Amino acid sequence: MCNMKNRLLNKINNRQIVVGVVGLGYVGLPLAVEKAKAGFKTIGFDVQSAKVDMVNAGHNYIGDVVDSDLKQLVDDGMLSATTDFCFVKDVDFIAICVPTPLDAHQQPDISYVKSSTEAISQYLTRETMVVLESTTYPGTTVELVKPILEQGSGLKCGEDFYLGFSPERVDPGNLIYKTKNTPKVVGACGEDAAEVISTMYRVVLDGDVFTVSSPTVAEMDKILENTYRNINIGLINEIGRLCDEMGISVWEVIEAAKTKPFGFQAFYPGPGLGGHCIPLDPYYLTWKAREYGFHTTLIESSMVINDGQPEYCVDRAARLLNQHKKAVNGAKVLILGVAYKQDIDDYRESPALRVIEILQQRGAQVEFYDPWVSEYRYKGGSYTGITEINPEIVASYDLVMITCAHTNVDYEMVCSSAKAVFDTKNVTKNVKARQNLEIL
């Protein structure tokens, strides 16, 4: 084992490692680009031929990747992509970055991890590092990935190959922290594996690499990070509902609380949770906890609050319409923003989609405008937004509902032109036209 460790460390230092990244989405493509930029020849694997073709043509489709970086790496032969997993035999380091959604019963769907691992196992060679980066329940790496790799390859973990888990920490649209400078956590099967895999990340990324004792600890770390946010957002959403009953502004309350230099971190209410991690990760944890007969009461309570926030916002919108002598049934409603966060084109798990669905179920005629998202798919359907907004267009709706705080929208125009505006993101806090405006 020591000889394998030393050989891999030497190959890392000499940039002789060939990297494979399985899954070329929001996590995988930025990681592949950073590995290639660090001097490691990198092969991206994806089952979607459209993504593979775009990468090989040097065409970027991820906001956190610089277009020119991708094209230059492809032109220089440092980065390529394929749908053929037989090329796994040519790599020394494999990062698995595939989706881990919830199924129809709100239970972990690890089918992408399982199928990717099975494909890798057929071509896995000795002295290869395999790292799972997909967010999942604690125990996945050891209980699922390890047996599949060993059985499919005939190799033994720790003796013939190294296995670990390093949670992705991608925050789409973050202007400060990208893949390159975000600290990494690594947990692996054995001390040698942890040392080698951590070294591989250190020579590529600028952020610190923190090593923990096992993959399961690293998996739990990622779940904790996002469950922490889920619980605190649930708290502030509940406080927001109470503040509305009391006739005070939760936003003003938060601003006051922020003046305390210790013991308080600001979280903000909204129409619900979006993105791939925060709305989903607590479900992974509560599902796994049931295996031990443990009930995650606090976590589940926050999930109930956050999951109910879209319907609460629709109820508030209905109240506002009622004040203007208009029923929800038959009302024309314009949704501003279907992305799950500001200034990105990612609408995964966006609460705005649920808001639209509830409004339509109650009989409203709903359209949307999003300068970042022109169309979206939801529950098997495809929906296209309007292409522009102006005073005349805005005035034609009974209600404008702001569900994403994009910065490239003229909110002064919206508020001065609309019959009524319900702002769930407090993005209109500084606009002058506030007569027909209500803020969550």
Side-chain angles (χ1 to χ4, degrees), residues 233-234 236-254 268-274 304-338 340 350-370 378-379 383 385-386 389-406 409-440:
I233 293 170
I236 207 64
N237 278 330
E238 188 165 57
I239 292 292
R241 296 185 192 186
L242 176 59
C243 284
D244 177 55
E245 294 290 332
M246 298 176 67
I248 59 179
S249 168
V250 66
W251 304 94
E252 186 178 3
V253 172
I254 295 169
Y268 299 94
L273 295 178
V304 170
I305 295 169
N306 292 328
D307 289 349
Q309 200 68 4
E311 187 164 9
Y312 170 75
C313 287
V314 171
D315 289 341
R316 288 280 299 272
R319 186 180 73 186
L320 181 57
L321 280 167
N322 189 57
Q323 292 170 2
H324 288 78
K325 302 185 185 306
K326 188 73 179 179
V328 174
N329 192 350
K332 287 187 62 180
V333 179
L334 176 64
I335 298 295
L336 282 189
V338 295
Y340 84 83
S350 172
L353 309 187
R354 177 63 179 148
V355 167
I356 292 173
E357 181 182 36
I358 297 170
L359 283 168
Q360 290 173 333
Q361 289 172 348
R362 297 189 185 185
Q365 302 173 40
V366 187
E367 294 182 296
F368 79 90
Y369 170 74
D370 191 311
Y378 181 67
K379 293 187 175 180
Y383 306 89
I386 63 175
I389 54 172
N390 56 43
E392 183 178 355
I393 291 173
V394 170
S396 69
Y397 294 91
D398 298 303
L399 173 68
V400 176
M401 192 167 176
I402 301 171
T403 48
C404 186
H406 290 313
V409 173
D410 186 349
Y411 295 106
E412 288 280 359
M413 179 275 291
V414 170
C415 291
S416 62
S417 305
K419 295 183 180 73
V421 177
F422 180 38
D423 178 6
T424 70
K425 302 297 290 185
N426 199 30
V427 72
T428 61
K429 61 182 177 181
N430 295 320
V431 303
K432 298 174 182 177
R434 306 181 65 83
Q435 184 175 355
N436 298 318
L437 169 65
E438 180 171 333
I439 299 176
L440 180 67

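In what follows, residues are counted from 1 in the order of the sequence shown. Predicted model only: the values in this text are computed from it and were never measured.
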Salt bridge check, Asp315 against Arg241: does any charged N sit closer than 4.0 Å to a carboxylate O?
no
For Lys379, is there an ion pair with Glu357 - N to carboxylate O distance below 4.0 angstrom?
yes
dist Tyr312:OH -> Ile305:CD1 (nearest 0.5 Å) comes out at 12.0 Å
Taking atom NZ of Lys429 as the centre, does the number of heavy atoms from other residues, nucleotides or ligands within less than 6.0 Å exceed 12?
no
To the nearest 0.5 Å, how far apart are CG in Asp244 and CD1 in Ile439?
12.5 Å
Out of curiosity, Glu438 CD to Leu399 CG, how far, rounded to the nearest 0.5 Å?
9.5 Å
Keeping Lys332 on the side-chain end and Ala364 on the backbone end, is there a donor-acceptor pair under 3.5 Å?
no
Without swapping roles, check the side chain of Asn322 against the backbone of Lys325 for a donor-acceptor pair under 3.5 Å.
no
Donor-acceptor under 3.5 Å (Ser396 side chain, Ile393 main chain):
yes
Hey, which of Val394, Ile389, Val427 is the one that makes side chain to side chain contact (heavy atoms under 4.5 Å, CB included) with Leu336?
Ile389
For Val314, does its backbone N or O pair with a side-chain atom of Arg319 as donor and acceptor, under 3.5 Å?
no
Keeping the roles fixed (side chain from Trp251, backbone from Gly240), state whether a donor-acceptor pair exists under 3.5 Å.
no
Okay, side chain of Thr403, backbone of Gly337: is any donor-acceptor separation there less than 3.5 Å?
yes
Smallest heavy-atom separation, Pro269 atom then Ile236 atom, equals N-CG2, 3.5 Å
Atom pair CG (Asp410) and OG (Ser416), whose distance is rounded to the nearest 0.5 Å
7.5 Å
Closest heavy-atom contact between Ala405 and Tyr411?
C-OH, 3.7 Å
Going by atom types alone, do Arg354 and Gln309 pair a side-chain donor with an acceptor below 3.5 Å?
no
For Tyr378, give me all partners under ring pair (Phe, Tyr, Trp, His ring centres under 6.0 Å), at least two apart in sequence or on another chain.
none
Distance-only, no hydrogens or angles: does the Ser249 side chain make a donor-acceptor pair with backbone N or O of Glu252 under 3.5 Å?
yes
Looking at Glu412 and Lys432, is any side-chain nitrogen of the basic one under 4.0 Å from a carboxylate oxygen of the acidic one?
no
Tell me whether Thr424 contacts the main-chain N or O of Gly270 through its side chain, where contact means a donor paired with an acceptor under 3.5 Å.
no
Atom of Pro271, atom of Cys313 and distance for their closest heavy-atom approach
CA-SG, 3.6 Å
Using modelled atom types only, decide if a donor and an acceptor are shared between the side chain of Asn237 and the backbone of Asn306 within a distance under 3.5 Å.
no
Between CE on residue Met401 and CD1 on residue Ile356, distance to nearest 0.5 Å
9.5 Å
More than 12 heavy atoms of other residues, nucleotides or ligands under 6.0 Å from CD of Glu392: yes or no?
no
Where Val250 and Leu440 come nearest, the two heavy atoms and their spacing:
CG1-O, 4.0 Å
For the student: nearest non-hydrogen atoms of Val338 and Ala352, plus distance
CA-CB, 3.8 Å
Exactly one of Asn430, Asn426, Val431 should register a side chain to side chain contact (heavy atoms under 4.5 Å, CB included) with Thr428. Which one does?
Val431
Shortest non-hydrogen contact between Asn436 and Ala418, atoms and distance:
ND2-O, 3.9 Å
To the nearest 0.5 Å, how far apart are CD1 in Ile335 and CD1 in Ile402?
10.0 Å
Taking the side chain from Glu367 and the backbone from Ile386, do they hold a donor-acceptor pair closer than 3.5 Å?
no
Please tell me whether His324 and Asp398 have a donor and an acceptor in their side chains that are separated by less than 3.5 angstrom.
no
